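What you are looking at is a predicted structure, and each value in this text was computed from that prediction instead of being measured. Note on naming: letters A, B, ... go to the chains in the order of the sequence lines (proteins, then strands), and numbering restarts at 1 for each one.
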Amino acid sequence: MVMNAITPIRTPAEQALIGAFGALRDSRPTSAALEGLRIDGFARFEASGLPHRRVEDWKYTDLRVLMREARPLAVAPDASVLLAAKVALGRLKRVGGSRIVLVDGFHVPDLADGGALPEGVTVSDLAAAMAQRPEIAALVTGQPATRANIAFALNNAFLTDGLLIEVAPGTELGHALDLVSITSDGAPRLVTSRVVVVVGAGASAGIVETHCGPAGVEYQKNVVMQVVVHDGATLEHGRRQVEGDQALHLATLEASVGAEAHFDSLTLTTGAAVSRSQLFVRFAGEHSNVTLRGVSMLKGRQHADTALVMEHAVPHCQSRETFKHILDGEAHGVFQGKIIVQPVAQKTDGRMMSQTIMLAEGPSMDNKPELEIFADDVACAHGCTCGELDADLMFYLKARGIPHKEAEALLVEAFAREAIEDFGAGPLAVVEELREAMLTSVTDWMRARS
Amino acid sequence: MPAVQETVEQVRAIDVDQYKYGFSTDIEMELAPKGLSEDIVRYISARKNEPAWMLEWRLDAYRRWLTMREPDWARVDYPQIDFQDMYYYAAPKSNAAPKSLDEIDPAILETYKKLGIPLREQEILAGVAPENRIAVDAVFDSVSVVTTFKEELKKSGVIFSSISEALHEHPELVRKYIGSVVPTTDNYYATLNAAVFSDGSFVYIPPGVRCPMELSTYFRINEQKTGQFERTLIIADKGSYVSYLEGCTAPMRDENQLHAAVVELIAHDDAEIKYSTVQNWYPGDSQGKGGIYNFVTKRGDCRGARSKISWTQVETGSAITWKYPSCILRGDDSQGEFYSIAVSNGAQQVDSGTKMIHLGKNTRSRIISKGISAGRSQNTYRGLVSAHRRATNAKNFTNCDSLLIGNACGAHTVPYIESKTASAVFEHEATTSKVSEDQMFYCMQRGLTQEEAIALIVNGFVKDVLQQLPMEFMVEAQKLIAISLEGSVG
Amino acid sequence: MSLLEIKNLTAKLAEEDKQILNGLNLTVEKGQVAAIMGPNGSGKSTLSYVLAGREDYEVTNGEALLDGENILELSPDERAAKGLFLAFQYPIEIPGVGQMTFLKAALNAQRRKNGLDDMPTPEFMKLVNGRAKELGISQDMLRRSVNVGFSGGEKKRNEILQMALLQPKLAILDETDSGLDIDALKIVADGVNAMRSPDRGFVVITHYQRLLDYIKPDVVHVLSAGRIIKTGGPELALELEAKGYADIVGKAA
């Protein structure tokens, strides 16, 4: 109350963002649908500034401190950037079927790969779809909890276009879509992108996001994905955050899950200097289930925050949230998870688990697993553990002749595996592939330590 | 075991009007002028004939308080409190310094007797084995009216008196420790308390002494429009032990009354303090009218190595509870415990929990919290467990379970678990569920009524915590829980 | 007057439409042990739950008279006070509630409803210890929380202990043999047989004939699709064991 009365002192980053918005508004007029979002997003940002530790949801990720400067907005990639991107993409193992590529946040159809889009899948420009289809415009606007979020507001403020991926009702994809968002080398930029995924009723689909970029460049990225899983549909969602080591990465995933639907999401975090993965997931129909999982492996002075809100707004749904942190060096891991059960959401079954292993003396881990329950006939639980590798297990392995480093690796892999191994109950071929890729990343990460 | 039986009987016996401590005592009181100002702070200090440093301390706090704002982060909702519309000092006129029990207004003695707290030592002694005796400090509105067994305690070197008295008789001890755990700047209500606290209990246990009996304070708010601001200070010197109990009740009144207490505990090397509370302030009626706002700051400092502080609380009363008895685990190998049962019914709002702050090496803490929400109440557990860099090998175990009875209430869990030390091991688990239909059916098939079955199952649910209470309190607490849940089903 | 008389009873799960009991008729006399056998899904457990008054079930028609009084409108505890006892197929765990506390609360609840004073504690202790010993229930089990950490056999013996304490008029044993090895089965059967008396009736629900080797029934009823389709003497159980349910169910259909 008192704080609102004080005019906040703008940080250099805030000043730069305010300036960038003005410049963008003058240089890139967009459709009316987008313009409304941009203005609303900017107004929210201007009112509150960058979130800091006194804002409860950002308690452990103080952007005023962690985002000292704001980079200039990314511009559409030119030929040389595209060529470099193509080379970089060639080195990136594909974990799905058709590849869709964003370079510096701009969709580049020419870099698409892995064959034509499967039947039943369409990819189109978001701004155009919003102008023609009110339901898409409404979806992009976001749910109230998402709208109130400042990373989301900033994404809106700098939105010039986005991508709409639709899977027609009843479609069953054999392979996941491989969505790569790559940031170019060179002067650091602020990249903004928006992807909307609509999975039609009864369809079964998978999508894998890979976020990568050059090492040693302090680029900044603010990505939003909004997902609707319609009644009876299934979506397997994988996410590999392997950004360059100096990057700042803000990601927001918003999902609405219809009746008798399944949504399973797995995020692997190894990249970026500072990252925050936000998940706002909501049940919109009964008898559905959602699984949210993540494995974050951090070293050096990396900071990674997972902030999720799982909202049970209807009865008879089940959610599982399983997050693992493996921390080395002086890394800082954060997990904030909240299960909300609305008064009508009887028979809710929700379980959340956050577990951390520290491999060195230096890391720190902050957990805030919340339950907010307004219905009585529910079974909800959360658990949280934090500590070193089990000394007894380590001893046992070493007693069997396994060297220290190897024993550590074995136990860490087993620890991460718990979150990964039952990912994707659906029939998609990609899931197996993705699981393997994720597990390989864990192994590689452990190997790189020594 | 007999207690459950009694609980069941109690449930049967109770009438619609559940709060049995709701009577008020008609007695002539001396009241400070209404409202809060520097003059009132000076008035309170003068009434207590305090040393100059104490007045300065209060005034500092008061000036600080004027710059602070009321915290709004708790999940509680209440109309703005008008701090000028209450009395900050209310003392029975006859209490002008009673030398003995005979000089105390018989109406007060009668009040405590009615509450089940006899103050005449000969009455306490009748039929009680010496090891089961409890020394009582009785605080009536703003002042302590009597402290029992003082002389006997003195023989073993234990100081047990009202804090006003301690200020005169042991000023050096009070000055050394007061505000050293909860500083005057700590938070809105603690700062207010520092400015206007009127009485409370003081305990000092000398090195190596095991306090020969349980100590307790019984708080009673009687006067209308009066806030109660007591301050309790307990110091356990090296190698000593004390178990302390606290009880509280208030008359049923339509207005909300403020209770903003501060409790500071200090445990030196190898000392142990066990602090138990059965909080049964008037909770307001079923529509949410009236009741106590219980905004309390309780903190223990495990200052010495191998010291231990254990909080046990049974919270059934108050319209609003805002309370986080905490432990600062400063000494190496020190231990903190928090055992809590919070029952809310009607329109009650509870936001309670603890903080376990691990600073020393090999420190251990344990949190067992059982929340039961019924009616239209909201019941929140809020807790912090943290380990600082130096706190190697710190260990915490937290279990926090919530039980919901009826579909109009809410149960919330907001834990913060922060570790900066790899060798710290933190385990936290929380569940929320309703009273199992299977268990209800099983009990009823064996002949228990619905209400008896609920009482039995809930008593089972909270057993781990109840067991931490001294025996006499355990029985009392069991009854209280059943009474608090009366009318929650059906 | 019969001890239990069930007339044209139809019932379903409260949340579903499908009828599980379809016009069931059954009479149990005082002193009688009636076995109810039937294939899975025939409504055996539903019958026991409906008689004991579980809320998940809705009675849509018919009545059940215990000593001539319709009990279907009564709450579970009122039925218990009238002398109806259900030995659960899956006894429920109640963490934190001690066995002795529970047994005493149950016994005294029934005594009070029948106008008796609470049983004095020494007498109660003596009673429990005596019965427990007969059933091979250790002091340790009596000290634990109700059914918590008990093996399957221990839970079933515990049910019989409760029955022995409460001395019901009508005891319904719901698949009491499931999960029991042969030694435990004998102990349980001995406990039941010891309680047979001219004033008491038993309804023994089981899927297998094995239990009936140890608890000899006076009459055997076959339940299928929510109705009694055949009634006979103990030889009917043997016939079922030899031929399986398909044969009889098929003929009846």
Side-chain angles (χ1 to χ4, degrees), chain A residues 1-3 54 56 59-60 325 327-328 330 332-336 338-391, chain B residues 67-70 72-73 75 371 373-374 376 378-389 392-437 488:
Chain A
M1 279 162 265
V2 175
M3 276 175 28
R54 290 193 180 280
E56 184 63 25
K59 184 177 166 64
Y60 300 111
H325 282 81
L327 306 180
D328 200 359
E330 290 167 59
H332 183 197
V334 178
F335 174 78
Q336 300 181 85
K338 187 194 267 188
I339 297 179
I340 302 175
V341 179
Q342 300 290 9
V344 296
Q346 297 292 359
K347 304 284 179 194
T348 285
D349 176 357
R351 269 166 206 283
M352 179 160 69
M353 179 56 110
S354 162
Q355 293 179 301
T356 302
I357 283 182
M358 292 190 187
L359 298 170
E361 265 307 315
S364 54
M365 180 71 205
D366 294 312
N367 273 293
K368 189 185 170 203
E370 273 183 86
L371 298 174
E372 192 175 300
I373 296 173
F374 295 98
D376 66 331
D377 193 0
V378 301
C380 287
H382 65 70
C384 169
T385 64
C386 185
E388 296 171 301
L389 281 172
D390 186 323
Chain B
T67 68
M68 296 169 91
R69 64 190 189 107
E70 231 174 311
D72 56 5
W73 41 262
R75 184 185 280 280
S373 354
R376 290 175 294 120
Q378 298 294 329
N379 200 327
T380 302
Y381 168 83
R382 189 183 302 277
L384 166 70
V385 177
S386 73
H388 288 247
R389 287 243 180 272
T392 49
N393 296 315
K395 278 194 176 51
N396 166 267
F397 174 76
T398 299
N399 170 280
C400 108
D401 295 327
S402 305
L403 202 61
L404 292 144
I405 302 174
N407 58 11
C409 52
H412 318 294
T413 317
V414 190
Y416 298 79
I417 304 141
E418 306 175 353
S419 174
K420 288 186 165 49
T421 307
S423 58
V425 177
F426 286 176
E427 279 179 69
H428 170 102
E429 55 187 46
T431 64
T432 303
S433 52
K434 72 175 207 164
V435 172
S436 145
E437 278 167 17
S488 63

Segment of A:P369 engaging chain B (4.5 angstrom heavy-atom cut-off): both
Largest heavy-atom contact set with chain A, pairs under 4.5 Å, which of B:S433, B:A411, B:G410: B:A411
No-hydrogen, no-angle side-chain donor-acceptor test under 3.5 Å, A:D376 and A:Q346: yes
Trace of the side chain to side chain donor-acceptor pair (under 3.5 Å) decision for B:Q378 with B:H412: CA-CA 8 Å; B:Q378 298 294 329; B:H412 318 294; 2.8 Å; yes
B:S423 backbone acceptor or donor facing B:T421 side chain under 3.5 Å: no
Chain B contacts, top residue of A:C386, A:G383, A:G350, A:A381 (heavy-atom pairs, under 4.5 Å): A:C386
Under 4.5 Å from any heavy atom of chain B - which part of A:K338: neither
Region of A:A391 in contact with chain B, defined by heavy-atom distances below 4.5 Å: neither
Residue, of A:G333, A:C380, A:P363, A:G387, that accumulates the most heavy atom pairs under 4.5 Å with chain B: A:C380
Pair A:D366-A:S364, side-chain donor/acceptor within less than 3.5 Å: no
Partner of B:H428 under side chain to side chain contact (heavy atoms under 4.5 Å, CB included), chosen from B:N399, B:V385, B:T398: B:T398
B:A430, part contacting chain A, at a heavy-atom distance under 4.5 Å: both
Region of A:E56 in contact with chain B, defined by heavy-atom distances below 4.5 Å: side chain
Greatest number of heavy atom pairs closer than 4.5 Å to chain A - which of B:K395, B:E437, B:R75: B:R75
B:E418/B:K420 under salt bridge (charged side-chain N to carboxylate O under 4.0 Å, His left out): CA gap, chis, key distance, verdict: CA-CA 7 Å; B:E418 306 175 353; B:K420 288 186 165 49; 5.6 Å; no
Under 4.5 Å from a heavy atom of chain B, the part of A:F335 involved: neither
Exam field: side chain B:T413 to backbone B:Y381, donor-acceptor pair closer than 3.5 Å: no
